[in-house]
Trainee: 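Quick one: the structure is below, and I'll ask about it shortly.
Ligands are counted one by one from 1 in listed order, and the atoms in each one are counted from 1 as well. Hydrogens, waters and symmetry mates play no part in the numbers below; they use all other heavy atoms, side chains included.
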Amino acid sequence: MADQRELVIVSLYPRDMNIYGDRGNLLALTRRARAHGFEPRVVELNVGDELPEHVDIVIGGGGQDSGQGRVSADLVGRAGEFRELADAGTPMLVICGLYQLFGHRFVTASGATLEGIGLLDVETRGGEDRMIGNVVVESADFGEIIGYENHSGNTVLGPGSEPLGRVIQGAGNNPTDGAEGARTGNVLGSYLHGALLPKNPAISDFLIATAATRRYGSFKPLAGADATADRARAAAKRRPR
Ligand code: GLN
């Protein structure tokens, strides 16, 4: 069948949430999926659009507070659909502005509250100082992760999420606790632009391996069984909680 190896990738709010090269994540992911023998089908979901019937991977980028303001009500309106996808183990990666909105809420520096959908047990408060610069993170699941951060939101994790990794250089979630990003089940949030995926193929492989295992029962990398793919498969085996 022609569509036997299809993977449906939902690109979340590309019109409003796409900053510091986050679109590069979509390009890297589709390219990597093809290298592994899949046919990625990208569905762009902007405010008011409908989710496709079947979703294999969700990715979304960052944006300024104004962009977050434009999408937050629409996202909250879909909280149930995304909760269902997450509970079913659908892999997702959200960066910066959408990372904040995948948490419980983002209270901006001017005091406005943008509700989130709570797929990640995190909460964010806008601060006075921006955290800007290159970041190096050590992650148990993905090895060394590198990227670039630019945000004023300070994010704190609750017990329902674990950090994506520990910061070696840069700030990450906030300037004090040394954690960067969050993971609950197969939902990943991170402050790292970069864009992240072109620089960290282990995370692309995690998304693809998890999606392929869910949809087709297994994942066999065709692009050469390199170490990143092995690590991604090991991470994909972890059960969502
Ligand atoms: N507005 C948010 C902050 O500054 C997100 C910024 C971003 O997505 N780069 O914290």
Trainee: What atoms in ligand 1 come closer than 4.0 Å to a heavy atom of Gly62?
Mentor: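 Answer, ordered by atom number: 8 (O).
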Trainee: Just so I know, are the side chains of Tyr99 and Val122 near enough to count as touching, which here means a heavy-atom distance under 4.5 Å?
Mentor: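 Yes, close enough: below the 4.5 Å cut-off.
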Trainee: Which atoms of ligand 1 have any heavy atom of His193 under 4.0 Å away?
Mentor: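 Near His193, meaning under 4.0 Å from one of its heavy atoms, ligand 1 has 9 (N).
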Trainee: Can you check whether His151 has an N/O within less than 3.5 Å of an N/O in ligand 1?
Mentor: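 It does not: no N or O of His151 is found under 3.5 Å from an N or O of ligand 1.
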Trainee: Determine whether any heavy atom of Gln100 lies closer than 4.0 Å to an atom of ligand 1.
Mentor: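 The answer is yes, since Gln100 has a heavy atom less than 4.0 Å from ligand 1.
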Trainee: Just checking, is any N or O donor in the side chain of Asn174 or Thr176 under 3.5 Å from an acceptor N or O on the other one?
Mentor: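 The criterion, which ignores hydrogens and geometry beyond distance, is satisfied for Thr176 and Asn174.
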Trainee: Would you call the rings of His36 and Phe219 parallel, tilted or perpendicular, where under 30° means parallel and over 60° means perpendicular?
Mentor: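 Because their plane-to-plane angle is over 60°, the rings of His36 and Phe219 count as perpendicular.
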Trainee: Looking only at distance, does Phe106 have an N or O less than 3.5 Å from an N or O of ligand 1?
Mentor: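 Among all N and O atoms of Phe106, none is under 3.5 Å from an N or O of ligand 1.
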Trainee: Nearest 0.5 Å, please: how far is CG in Leu98 from OG in Ser190?
Mentor: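 Between Ser190 OG and Leu98 CG, I get 12.5 Å after rounding to 0.5 Å.
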Trainee: If you count the atoms of ligand 1 from 1 in the order shown, which ones are under 4.0 Å from a heavy atom of Asn150?
Mentor: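 Near Asn150, meaning under 4.0 Å from one of its heavy atoms, ligand 1 has 6 (C), 7 (C), 9 (N).
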Trainee: Purely on distance, is any nitrogen or oxygen of Tyr20 under 3.5 Å from one on ligand 1?
Mentor: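 Not met; the criterion fails.
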Trainee: Rounded to the nearest 0.5 Å, what separation is found between the CZ atom of Arg15 and the CD atom of Glu44?
Mentor: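 Going from CZ on Arg15 over to CD on Glu44, the span is 8.5 Å.
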Trainee: Judging by distance only, is a nitrogen or oxygen of Tyr191 under 3.5 angstrom from one on ligand 1?
Mentor: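 No, no N or O pair falls under 3.5 Å.
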Trainee: Tell me whether Ile19 has any N or O atom under 3.5 angstrom from an N or O of ligand 1.
Mentor: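 In this structure, Ile19 places no N or O atom under 3.5 Å from an N or O of ligand 1.
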Trainee: Would you call the rings of His151 and Tyr191 parallel, tilted or perpendicular if under 30° counts as parallel and over 60° as perpendicular?
Mentor: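 Parallel.
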Trainee: Does Asn186 reach the main-chain N or O of Thr184 with its side chain, forming a donor-acceptor pair under 3.5 Å?
Mentor: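 Checked: no pair found.
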Trainee: Just say parallel, tilted or perpendicular for the rings of His193 and Tyr148, cut-offs at 30° and 60°.
Mentor: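 Tilted.
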Trainee: For ligand 1, which atoms sit closer than 4.0 Å to a heavy atom of Arg130?
Mentor: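 Listed by number with element: 4 (O).
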Trainee: With a 4.0 Å cut-off, would you call Arg214 and Asp56 a salt bridge?
Mentor: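 No, Arg214 and Asp56 are not salt-bridged.
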Trainee: For atom 5 (C) of ligand 1, what's the nearest protein heavy atom and its distance?
Mentor: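 Of every protein heavy atom, Gly63 O, 3.2 Å lies nearest to atom 5 (C) of ligand 1.
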Trainee: Got a second to check how far Leu45's CG is from Asp74's CG, nearest 0.5 Å?
Mentor: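 It comes to 7.0 Å.
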Trainee: Short list, please: which atoms of ligand 1 are under 4.0 Å from a heavy atom of Asp65?
Mentor: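 The list of qualifying atoms is 1 (N), 2 (C).
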Trainee: Tell me which protein heavy atom sits closest to atom 3 (C) of ligand 1, plus the residue, atom name and distance to 0.1 Å.
Mentor: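 Heavy-atom neighbour on the protein nearest atom 3 (C) of ligand 1: Ser152 N, 3.5 Å.
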Trainee: So which heavy atom in the protein is nearest atom 10 (O) of ligand 1, and how far is it from that ligand atom?
Mentor: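 The protein heavy atom lying closest is Gly153 N, 2.7 Å.
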Trainee: Quick one: nearest non-hydrogen protein atom to atom 7 (C) of ligand 1, plus distance?
Mentor: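 Minimum-distance protein heavy atom for atom 7 (C) of ligand 1 reads Cys96 SG, 2.7 Å.
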